[in-house]
Amino acid sequence: MLSKILDGNKISKKIIQKIKKEVKYENRFRKRPPGLAVIWINNNISSKIYIKKKTIACNAVGFYTEEWKLKSSIKEQDILILIKKLNNEEKIDGILIQLPLPSHINTQKVIESIHPKKDVDGFHPYNIGCLCQKKPKLRPCTPKGIMTLFKEYHLSIQGLNATVIGASNIVGRPMALELLLSGCTTTIVHRFTKNLKQHLQNADLIIIAIGKANFLHNKNIKKGTIIVDVGINRIEKTNTIVGDVDFESVYSHVSYITPVPGGVGPMTVATLLQNTVAGYKKKYTYDENI
Ligand code: GUN
């Protein structure tokens, strides 16, 4: 029997190898590697883990990286000054500010201060707007990474009933836009949704990103569903990481599923590298007045 696992580890390694070769080649005539600046506020354990994974991958492909580890008491104005400097820095092609930010910082203002051409997270309203208008430029990493995973496994999702669980700016909303772009009939369910069960039973494809360990069970889904689990939840008792899906319970029901860990996480990192290379190669044109 063929495996039902959509292996993000395997596909991300393939992408990373390809980027490594590309960087080596481009470096010869551009005379510098792609550059990524990562800003993070030192108050969050999961941010620390994400940053470590991103930095390891950047080093593996030969990027130039700058890590800006800021105190949680930093003033918003000082972050804006740093971003302005990085926006004008020749050797930096991408700027990533790890979210969430402390509550005294206006996250939207900070995101909007990153120049759209260096917005490798794809969170700037300009980039989100382009995705919304079917003309994507830099695209949010997790949703784009999931689309790449489908492509690599030759999964045609056009026409499927897709249900996204969770409506966050980082995953749920841009995910819905990606699915729409690929021709899915797309539903987002969230905390105010009535008849959750009905929406899940109707879904051919479920993407879940809510941060609730083992939330989705076999009773909620129909046979043959494709499930993508974006959740990363630490179980203190066993010191293990689990997703938002009760993997054991749904496995016999699904046609495909992403594991946690080793599914979506590595694809997010690989996509960040792809976006940084796109910025480096000036793949997209932007109005400089934005
Ligand atoms: N926090 C959780 N996921 C992400 C992500 O993809 N990008 C940023 N900047 N912060 C995050």
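Both counts, for ligands and for their atoms, begin at 1 and track the order of listing. These figures come from a predicted structure and were not determined experimentally.
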If you scan protein heavy atoms around atom 3 (N) of ligand 1, the nearest is Ile170 CG2, 3.9 Å
Using a strict 4.0 Å cut-off to heavy atoms of Phe123, name the atoms of ligand 1 that fall inside it.
7 (N), 8 (C), 9 (N)
Evaluate Gln98 for polar contact with ligand 1, using N/O atom pairs at a separation under 3.5 Å.
yes
Report the distance from atom CD1 of Ile226 to atom CZ of Phe150, rounding to the nearest 0.5 Å.
6.0 Å
Take atom NZ of Lys20 as the centre, draw a 6.0 Å sphere, and report whether it contains more than 12 heavy atoms from other residues, nucleotides or ligands.
no
Just checking Tyr256: does its OH atom have more than 12 heavy atoms from other residues, nucleotides or ligands closer to it than 6.0 angstrom?
no
N/O separation below 3.5 Å, Leu99 to ligand 1:
yes
Would you give the length of the straight line joining atom CG of Leu272 to atom OG1 of Thr268, rounded to the nearest 0.5 angstrom?
9.0 Å
Indicate the ring-plane relationship of His115 and Tyr286, choosing parallel, tilted or perpendicular according to the 30° and 60° boundaries.
perpendicular
With only distance considered, is Thr142 within less than 3.5 Å of ligand 1 through an N or O on each side?
no
Pick from Val269, Leu272, Asp121, Val230: the one approaching atom 6 (O) of ligand 1 most closely through a non-hydrogen atom
Asp121
When only distance counts, is Ile97 in polar contact with ligand 1, meaning an N/O pair under 3.5 Å?
yes
Exceeds 12 heavy-atom contacts within 6.0 angstrom, atom CZ of Arg32
yes
